[in-house]
Amino acid sequence: MYTESTIMVMNIEGCSYIEPQQQRSIERFNEVLKTAELLYVNSSLNEVTIQNISKLSGLKRPSIYKFFPSNESILEALSHKQVNSLLLLIKKNLDNIGKKNETELIKIIIDVTSIYVNNNLPISNLILNKFSKPIFFNGVKNHFSLDQKDERNRLKMGLTIILSCMDNFLEEEGCIPPSALAAIKKASLIYFSN
């Protein structure tokens, strides 16, 4: 069931990076993410290192380590940033459309996610990785009436299927083509109707 609550743009508790509170630290944190994203898009995953970010941004490594204890924590923060952007778009679309049933909600989530992924292909893997799935689920689940653990697990599994299918098409075809989108919707609607 659809509820009137909004998608929460969230951070996962227990993440491996530390979000700053003071303005100067926030600027450094954002500079690290901006530089890391630039490296990710223009080089490779292996180039997103604290050492390379330090060289490119001009920030000293201790300043980076203050927020990010590892290279993986930087990728985690980038993933969270991208998924939060996606969740804001989903929320805007749902707000514009108004109250819908579960089927319409699933279609909107699939459409907006596939458009976002296709429009952001260089960073799309950040949206479909192990760091992003929990944040995506937590942001979307607020639109469903989930009174029981079984219902939460059903939604989580359904969203996992959707994201996995998108990831598979992205890996094989380099995008999510319309034919794949139709297949993902059909399979998802069958899953959610049972």
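Within the 3.5 Å criterion, the main-chain N or O of I127 finds no donor-acceptor partner in the side chain of S79. A donor-acceptor contact shorter than 3.5 Å links the side chain of S124 to the backbone of L121. Judged by distance alone, the side chain of N118 and the main-chain N or O of C175 form no donor-acceptor pair under 3.5 Å. For the pair N168 (side chain) and S164 (backbone), a donor-acceptor distance under 3.5 Å is absent.
Minimum interatomic distance between L163 and K133 (heavy atoms only, all atoms of both residues): CD1-CG, 3.8 Å. Nearest approach of R154 to S193, heavy atoms of both residues: NH2-N, 4.3 Å. When all heavy atoms are compared, the tightest approach of I50 to Y65 is CD1-CE2, 3.2 Å. Across all non-hydrogen atoms, the minimal contact from I53 to V48 is CD1-CG1, 4.3 Å. Here the shortest heavy-atom pairing between L87 and G139 reads CD1-CA, 3.9 Å. Scanning all heavy atoms of the two residues, the minimum distance from Y17 to S73 falls at CD2-O, 3.7 Å.
The aromatic rings of F67 and F29 sit perpendicular to each other, their planes meeting at more than 60°, with 30° as the lower class boundary.
Using a cut-off of 4.0 Å between Lys/Arg side-chain N and Asp/Glu carboxylate O, E104 and K107 are scored as salt-bridged.
Within the 4.5 Å cutoff, the side chain of M166 has heavy atoms near those of the I110 side chain. With contacts defined as side-chain heavy-atom distances shorter than 4.5 Å, the pair I26/N30 qualifies. Side-chain contact check for N125 versus L170: some heavy-atom pair is nearer than 4.5 Å. Counting heavy atoms from C-beta outward, I135 and N84 have side chains that approach closer than 4.5 Å.
Both Y191 and I109 belong to a single network of hydrophobic side chains, linked directly or stepwise wherever heavy atoms of I, L, V, M, F, W or Y lie under 4.5 Å apart. Transitive grouping of hydrophobic side chains (ILVMFWY, heavy atoms separated by less than 4.5 Å) keeps F136 and I115 in distinct clusters.
Separation of atoms CD1 (I123) and CD (E37) is listed at 4.5 Å; rounding is to 0.5 Å. Distance check: M157 CE to D150 CG gives 12.0 Å after rounding to the nearest 0.5 Å. Atom-to-atom distance recorded for L89:CG and D111:CG is 13.0 Å, nearest 0.5 angstrom. Summarising the geometry, atom OG1 belonging to T35 is positioned 14.0 Å from atom NZ belonging to K55; distances are rounded to the nearest 0.5 Å. In this structure, CG in L189 is found 11.5 Å from CD1 in I184, a value given to the nearest 0.5 Å. I176 CD1 to T113 OG1: the interatomic distance, rounded to the nearest 0.5 Å, is 8.5 Å.
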(Q) Show, in sequence, the C-alpha distance, side-chain angles and deciding distance for E31 and S57, and conclude whether the side chain to side chain donor-acceptor pair (under 3.5 Å) test is met. (A) CA-CA 7 Å; E31 182 62 30; S57 69; 5.3 Å; no
Q.
Run the side chain to side chain contact (heavy atoms under 4.5 Å, CB included) test on I162 and F192 for me, step by step, so that the C-alpha distance in whole Å, both residues' side-chain angles and the decisive distance to 0.1 Å come before the verdict.
A. CA-CA 11 Å; I162 291 167; F192 281 105; 4.3 Å; yes
Q) So L75 and Y40, side chain to side chain contact (heavy atoms under 4.5 Å, CB included) or not? Walk me through it. A) CA-CA 9 Å; L75 291 175; Y40 186 86; 4.2 Å; yes
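More than 12 heavy atoms of other residues, nucleotides or ligands sit less than 6.0 Å from atom CD of E173. The 12-atom threshold is exceeded at NZ of K185, counting heavy atoms of other residues, nucleotides or ligands nearer than 6.0 Å. Heavy-atom contacts from other residues, nucleotides or ligands closer than 6.0 Å to CD of E72 number 12 or fewer.
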